[in-house]
Amino acid sequence: MVLCAAVLFHALTLLSPAWWQTRAVRNGRDFASYYYAVQVAAEGGDPYDTPSLSKRARKDGTRKSVHPFLYAPPFVGMMVWAIPLSLPDAYHLWFWLHELCLLVTVGVMATWWRSASPAAPWVLAVLVACMTAVPNNHLMGQANFPGLALAMGGLWATQRERPLLGGALLGTACMLKMSPALLVMWWLLRREWVAAVASVVTAVGLSLLVLPLVGLTHQVTFFTQVLPGFGSGDYNGLAVPIGLFGNHSVPNLWHHVFPGAKGLLSPTARTASSVTNLSLLVGLGLWFRHAPRDTLQLAAQVSAVGVLMLLFPVYTYEHHLVWALPAMAVVAIAAERGRLAWPWAVVAGVGITLVMFDLQDLKRSAEFFGPPLQGVFMELKTVGLAALMVTCAHLGALVPTGDGVHDHA
């Protein structure tokens with residue numbers, strides 16, 4: 001009954017409105033960057049040259065300009081299916097490919113974590129049904145669910161003692177979204193050498209495989225010009241303000257304290273962000289120095305790293321929050337299993353509520369209350385992410401002893 005209700009709610013309340021909006025859109029939204037990157041690359045051009053992408057879009061009569069392409073070279077190769085299609089047709093197909101990847105992601109996590117709790121499938125179904133970031137991701141034409149499905153599949157395969165398969169899947173995910181590389185670092189912390197090496201070999205192999213499409217010069221452009229700019233907010237010339245309402249990241253917080261010019265982090269904000277991110281990374285590494293004792297604890301460590309992936313970048317918008325789905329599921333399952341004391345359950349519940357709250361409602365509330373509460377509403381989802389990460393870190397830091405389990409503290 002819960003599963004049927006969740007599926008119907010997702011289909012009728014979230015998916016259907018997003019699909020009807022998608023059908024009415026002809027400019028491809030954010031998907032246009034991927035679409036014209038592969039079109040330009042197929043014609044021998046540079047997919048990282050934004051004017052070339054915009055020129056190609058104007059030639060098609062679809063839009064006047066295109067956002068910069070920000071992904072690794074193998075991503076271009078994975079978009080070759082879109083070459084013969086028009087932008088609207090490819091964008092509409094992308095919507096359903098993402099819904100399919102969502103189902104794969106939920107299926108992997110439900111099967112993997114069912115050993116921790118029989119309630120795992122129902123918890124995941126309810127969370128997906130109510131998570132507004134899911135239709136936002138589909139509507140914006142973003143690229144989150146393929147990477148999430150591959151990452152979860154890779155982690156599960158490795159736990160099932162298939163490190164080569166797991167490494168290959170996670171390595172592919174890293175070529176779709178660079179941030180899952182933090183999960184490879186987590187493997188290194190746990191001395192999962194085979195899986196970590198397999199992920200690196202896969203990434204290199206995919207880069208070589210797409211050389212006929214994205215030549216060596218253009219690949220060097222990504223790694224020497226595009227990728228280094230991510231730390232300062234210069235996302236290949238992306239003209240989106242860092243302080244835009246709904247940016248849920250640590251660098252965004254420092255940007256509000258030490259504003260920068262020309263859409264970039266100020267030197268002070270960049271330094272503060274780097275120190276904060278490095279402290280969080282090292283802190284989690286030390287906190288997780290003991291091996292997880294069971295599936296739920298392992299999932300908690302994975303989920304904490306997943307949330308950290310959202311706090312690190314300069315830009316973390318609503319559609320990116322689907323990467324917090326594992327963390328929300330883990331803390332809910334832990335509460336159901338009695339693994340969370342009530343104060344931690346409250347923290348987790350607040351985190352889930354804030355992350356799942358509709359962004360447009362937050363905007364309307366911020367406009368209604370105005371300054372100074374407006375700034376508080378802007379950062380509520382960042383607070384929610386922090387609450388989820390801390391709770392997952394608490395779950396993942398239990399130390400097995402002879403007579404039970406105790407916290408690090």
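With 3.5 Å as the limit, one finds no donor-acceptor pair spanning the side chains of N252 and H248. Between the side chains of H10 and E99, a donor-acceptor pair is found at a separation under 3.5 Å. Between T62 and Y36, the side chains place a donor N or O and an acceptor N or O closer than 3.5 Å (distance only, hydrogens not considered). Between the side chains of D30 and Q142, at least one donor N or O lies within less than 3.5 Å of an accepting N or O.
Classification of the W254-F258 ring pair by plane angle, with boundaries at 30° and 60°, yields parallel.
Annotation for H218: atom NE2 counts as buried by contact number, over 12 foreign heavy atoms lying within 6.0 Å. Enclosure of atom CZ in R23 is not indicated, since only 12 or fewer non-hydrogen atoms of other residues, nucleotides or ligands lie within 6.0 angstrom.
Because its NZ or CZ atom is both nearer than 6.0 Å to the ring centre of W186 and within 45° of the ring axis, R190 counts as a cation-pi partner of that residue.
Atoms CG and CZ, from L354 and F377 in turn, are 10.5 Å apart once rounded to the nearest 0.5 Å. Between the CZ atom of F357 and the OG1 atom of T132 there is a distance of 9.5 Å, given to the nearest 0.5 Å. Between the CG atom of L227 and the OG1 atom of T221 there is a distance of 12.5 Å, given to the nearest 0.5 Å. Once rounded to the nearest 0.5 Å, the distance linking CG of L15 with CG of L8 reads 12.0 Å.
The pair D294-R339 meets the salt-bridge criterion, with a side-chain N (NZ, NE, NH1 or NH2) lying under 4.0 Å from an Asp/Glu carboxylate O.
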Could you go step by step and tell me if L340 and H394 meet the side-chain contact (heavy atoms from CB on, under 4.5 Å) rule?
CA-CA 9 Å; L340 283 180; H394 167 72; 4.0 Å; yes
Start with the C-alpha gap between L296 and L395, add the side-chain angles, then the distance that decides, and say whether side-chain contact (heavy atoms from CB on, under 4.5 Å) holds.
CA-CA 8 Å; L296 186 57; L395 285 170; 5.5 Å; no
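Between the side chain of Y35 and the backbone N or O of M79 there is no donor-acceptor pair closer than 3.5 Å. A donor-acceptor pair is defined here as one N or O able to donate and one able to accept, closer than 3.5 Å; such a pair exists between the side chain of N144 and the backbone of H319. For S232 (side chain) and L264 (main-chain N/O), no donor-acceptor pair under 3.5 Å exists by modelled atom type. A donor-acceptor distance shorter than 3.5 angstrom exists from the side chain of W94 to the backbone of G141, with no hydrogens or angles considered. When atom types are taken as modelled, the side chain of T316 and the backbone of L310 share a donor-acceptor pair closer than 3.5 angstrom. For R63 (side chain) and A57 (main-chain N/O), no donor-acceptor pair under 3.5 Å exists by modelled atom type. Distance alone, capped at 3.5 Å, is enough to place a donor-acceptor pair between the Y315 side chain and the V240 backbone. The backbone N or O of S207 lies less than 3.5 Å from a partner atom in the side chain of Q219, making a donor-acceptor pair. Side chain of R289 to main chain of L286: a donor-acceptor pair is present (N/O by atom type, distance under 3.5 Å, no hydrogens or angles). Although no hydrogens or angles enter the test, the distance criterion places no donor-acceptor pair under 3.5 Å between the side chain of H256 and the main chain of L253.
For the pair L281 and L182, the minimum side-chain heavy-atom distance is below 4.5 Å. For the pair L385 and L321, the minimum side-chain heavy-atom distance is below 4.5 Å. For the pair D60 and Q39, the minimum side-chain heavy-atom distance is 4.5 Å or more. Counting heavy atoms from C-beta on, the side chains of L206 and V210 never come closer than 4.5 Å. Residues Q159 and T295 form a side-chain contact, since some pair of their non-hydrogen atoms from C-beta on lies under 4.5 Å apart. Counting heavy atoms from C-beta on, the side chains of W122 and S117 never come closer than 4.5 Å. When side chains are defined from C-beta on, H98 counts as touching P146, because their heavy atoms get closer than 4.5 Å. When side chains are defined from C-beta on, M356 counts as touching M328, because their heavy atoms get closer than 4.5 Å.
Closest non-hydrogen pair, L70 versus F230, comes out as O-CZ, 3.3 Å.
Partners of P251 according to the side chain to side chain contact (heavy atoms under 4.5 Å, CB included) rule, which considers only residues two or more places apart in sequence or in another chain, are S249, L265, S273, N277, V314.
Ring to ring, F145 and H138 are close: their centroids are under 6.0 angstrom apart. Residues W96 and H92 place their aromatic rings such that the two centres sit no closer than 6.0 Å. Between Y71 and Y34, the gap from one ring centroid to the other is short of 6.0 Å.
Of the listed residues (T276, V275, V282), just one forms a side chain to side chain contact (heavy atoms under 4.5 Å, CB included) with S279, and that residue is V275.
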